[in-house]
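Input: a single structure, listed below in structure tokens.
Everything numeric here is computed off the predicted structure, so don't read it as measured data.
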Number of protein chains: 2
Amino acid sequence: MTLPERTVERLSEYRRSLLQCLEEGKTHIFSHELAGLHHNTAVQVRRDIMFIGYTSMQRKGYDVRELIDVIGDILDSGKGLNVAVIGIGNLGRAVTTYFVGKRSKLNIIATFDVDTTKIDRVISGVKCYPINRMKEIVEANNISIAIVTVPADSAAEVTAQLVEAGIMGLMNFTTVPLNVPDEVYLDEYDMITSLEKVAYFVKSPRN
Amino acid sequence: MTLPERTVERLSEYRRSLLQCLEEGKTHIFSHELAGLHHNTAVQVRRDIMFIGYTSMQRKGYDVRELIDVIGDILDSGKGLNVAVIGIGNLGRAVTTYFVGKRSKLNIIATFDVDTTKIDRVISGVKCYPINRMKEIVEANNISIAIVTVPADSAAEVTAQLVEAGIMGLMNFTTVPLNVPDEVYLDEYDMITSLEKVAYFVKSPRN
DNA sequence: TGGAAATTGTGATTTAATTAACAATATTTT
DNA sequence: AAAATATTGTTAATTAAATCACAATTTCCA
Ligand SMILES: NC(=O)c1ccc[n+]([C@@H]2O[C@H](COP(=O)([O-])OP(=O)(O)OC[C@H]3O[C@@H](n4cnc5c(N)ncnc54)[C@H](O)[C@@H]3O)[C@@H](O)[C@H]2O)c1
Ligand SMILES: NC(=O)c1ccc[n+]([C@@H]2O[C@H](COP(=O)([O-])OP(=O)(O)OC[C@H]3O[C@@H](n4cnc5c(N)ncnc54)[C@H](O)[C@@H]3O)[C@@H](O)[C@H]2O)c1
């Protein structure tokens, strides 16, 4: 029973809002409140929560803490995963700095680069290794997710190496589509495309 | 007649591949070839191209140059748009550096920050202005798109200012959902959510 | 206590996106 | 020049996602 992709995304977003609520001392939340915090409807929220099989106390809204835990059971199930960032340029550095220490179950534990001036540098406590030691280090540290921030023309090569090393999930920030076997999960995020899309809809507003 | 959101995205991606083809001297391309370059089917490619009303020479595939132009007519229609980056921290700097000079019709022409040490700095040829001059500069330079890379707790405030200043499209990199009026197009990209989604599907592979 | 009101959970329906199916057409082969 | 092949463009069918509609339950309050 795997959840719809969009539902997984929304659950992650809900959790962040819920943690915020908890900090503010809010113990219960209604579906329409949670919907209001996202761009979303109350039904959608209830449907998503239905998928994960959580039910609230009727009429009191969802128990914030419980819901956080239930989402955690889904999103963080089992042990945490180790993550590597490949290519410590402008974007790689920003992403590494940002993610370190953020989500406790997803740990960035290594970065890789070809540039000898970057090797052995420590970014937010994470060391940069030479790319030719990638397989060795990925295997030794049980790294299963890679964030790819190398230049476009190295992306295919690096990806092949990552797959070879046994990586199971990949976040691609380069602007070339990557090819991975079916069993490897691939998330592509193309900023140029996003910006061009924004521009298109600015010029051709819908409805 | 506005195109489906996903089609707009794919057209942007196709164009990039097509430009690459052109460089390599390829003059024609079949739908299944273009599909192969993306994670996509030939039918989907033909459907997308149908939407924009381009038709190929039967059996010869699409004329690469013509198709680039037709996509350009859709994506770059009319005059170019001006873009600002708000918050010149790690991510804002990376994004600015990256985008400058990339797409000729979308020009980053200003950045903004509150940090006085950053103001007046020039990043890849783009000057950083104090955030309190935002409205003035946005209006004077006809900036219609903003890329938001401020800390999460400033995001709502900055967004309100941007809307007030007349911004029509917004790319949000912060992890709080923004609220904008209907007529403003909003693209949210949440890296934490993406990473959590990758982790989920690594642990619970589909099919 | 007995409505009225608020809220959830979910089956049914609608809408949007993708995929299948195939006729039409151009090219190649024999 | 007829048959076989490859490819497009598009209608129809399917699948996936979102929304509607409403019964069930709980709380509120007169
Ligand atoms: N900077 C952005 O905001 C941005 C936005 C969208 C997309 N991207 C994409 O992200 C990628 C990186 O962008 P950037 O701006 O950080 O570039 P960058 O040039 O600053 O960084 C690239 C890094 O990768 C390293 N590298 C090169 N080849 C390598 C290899 N084979 N193995 C390991 N490391 C290698 C380089 O030494 C460098 O440190 C590019 O593909 C770019 O298209 C960046
Ligand atoms: N760095 C990343 O890779 C990354 C990834 C995902 C999301 N984000 C999000 O992007 C945002 C920026 O991240 P970052 O790592 O660049 O942070 P950062 O702290 O390096 O940069 C934030 C910048 O915004 C400026 N700023 C603060 N308040 C402002 C205001 N009111 N007006 C204008 N500028 C203001 C700060 O002076 C600073 O320069 C954050 O919201 C973060 O959640 C960053």
Side-chain angles (χ1 to χ4, degrees), chain A residues 1-14 18 21 26-64 66-67 70-71 74 177 182 188 193 197 200-201 204 206-207, chain B residues 1-14 18 21 26-64 66-67 70-71 74 177 182 188 193 197 200-201 204 206-207:
Chain A
M1 186 284 309
T2 54
L3 304 174
E5 200 151 321
R6 294 290 292 106
T7 294
V8 173
E9 290 182 12
R10 284 190 298 260
L11 289 173
S12 159
E13 289 159 15
Y14 297 158
L18 291 167
C21 288
K26 201 168 163 63
T27 62
H28 290 80
I29 191 167
F30 296 127
S31 57
H32 64 264
E33 290 179 297
L34 200 41
L37 295 174
H38 300 269
H39 300 290
N40 197 146
T41 65
V43 191
Q44 182 73 80
V45 168
R46 297 205 297 275
R47 174 75 57 187
D48 288 332
I49 290 174
M50 197 185 112
F51 271 122
I52 63 178
Y54 177 68
T55 61
S56 70
M57 312 164 63
Q58 276 277 17
R59 270 278 334 210
K60 277 276 179 168
Y62 301 96
D63 182 294
V64 173
E66 276 179 24
L67 189 48
V70 178
I71 295 177
I74 304 283
D182 276 356
E188 309 248 9
T193 289
K197 182 178 64 166
Y200 174 79
F201 285 112
S204 323
R206 300 119 313 142
N207 63 53
Chain B
M1 189 281 311
T2 54
L3 304 174
E5 201 152 321
R6 294 289 291 109
T7 295
V8 173
E9 290 182 12
R10 284 190 298 260
L11 289 173
S12 160
E13 288 159 15
Y14 298 158
L18 291 166
C21 289
K26 199 168 166 61
T27 62
H28 291 79
I29 191 166
F30 296 127
S31 57
H32 65 264
E33 292 179 297
L34 199 42
L37 295 173
H38 300 268
H39 300 290
N40 196 151
T41 65
V43 191
Q44 182 73 80
V45 168
R46 298 206 296 275
R47 169 56 39 104
D48 288 333
I49 290 174
M50 197 184 111
F51 270 123
I52 63 179
Y54 177 69
T55 62
S56 70
M57 313 163 62
Q58 275 276 14
R59 273 273 336 204
K60 277 277 178 168
Y62 301 96
D63 183 296
V64 173
E66 276 179 24
L67 188 47
V70 179
I71 294 176
I74 305 284
D182 275 357
E188 308 247 10
T193 288
K197 182 177 62 165
Y200 174 79
F201 284 113
S204 324
R206 297 118 316 139
N207 63 55

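Remark: C1' of D/dC20 and CG of A/N40 are 15 Å apart, rounded to the nearest angstrom. The CZ-C1' distance, from B/R6 to D/dA17, rounds to 14 Å in whole Å. The CD-C1' distance, from A/Q44 to D/dC20, rounds to 13 Å in whole Å.
Shown here are the side-chain hydrogen bond (donor to acceptor under 3.5 Å, both in side chains) partners of B/R47, two or more places apart in sequence or in another chain: there are none. Annotation: side-chain hydrogen bond (donor to acceptor under 3.5 Å, both in side chains) contacts of A/H39 (sequence neighbours excluded): B/E188. For A/M57, the side chain to side chain contact (heavy atoms under 4.5 Å, CB included) test picks out A/H28, A/K60, with sequence neighbours left out.
End-to-end axis angle for the helix from C/dT1-D/dA30 to C/dT30-D/dA1, using five pairs per end and rounding to 10°, comes out at 0°.
Across A/L67, A/V70, A/T55, A/T7, a single residue satisfies side chain to side chain contact (heavy atoms under 4.5 Å, CB included) together with A/I49, and that is A/L67.
Aromatic ring orientation, B/Y54 versus B/Y62: tilted (interplanar angle from 30° to 60°).
Taking 4.0 Å as the cutoff to heavy atoms of chain A, we find the contact window on DNA chain C bounded by C/dA5 to C/dA12.
Of the charged side-chain nitrogens involved, at least one lies within less than 4.0 Å of a carboxylate oxygen, so that A/R6 and A/E9 count as a salt-bridged pair.
Annotation: side chain of B/I29 is in contact with side chain of B/L34 (closest heavy-atom distance under 4.5 Å).
Taking OG of B/S12 as the start and CD1 of B/I74 as the end, the distance is 13.0 Å to the nearest 0.5 Å.
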Using a cutoff of under 3.5 Å, can you pull out all pairs of nitrogen or oxygen atoms linking the protein to nucleotides 7-10 of chain D, with atom names and distances?
unit_1: D/dT8; atom_1: OP1; unit_2: B/S31; atom_2: N; d: 2.9
unit_1: D/dT8; atom_1: OP2; unit_2: B/S31; atom_2: OG; d: 2.5
unit_1: D/dT8; atom_1: O4'; unit_2: B/Q58; atom_2: OE1; d: 3.4
unit_1: D/dT8; atom_1: O3'; unit_2: B/S56; atom_2: OG; d: 3.3
unit_1: D/dG9; atom_1: OP1; unit_2: B/S56; atom_2: N; d: 2.8
unit_1: D/dG9; atom_1: OP2; unit_2: B/Y62; atom_2: OH; d: 2.8
unit_1: D/dG9; atom_1: N7; unit_2: B/R46; atom_2: NE; d: 2.8
unit_1: D/dG9; atom_1: O6; unit_2: B/R46; atom_2: NH2; d: 2.8

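The backbone N or O of B/F30 lies less than 3.5 Å from a partner atom in the side chain of B/E33, making a donor-acceptor pair. Under the 3.5 Å distance criterion, the side-chain polar atoms of B/Y200 are matched with a main-chain donor or acceptor of A/L3.
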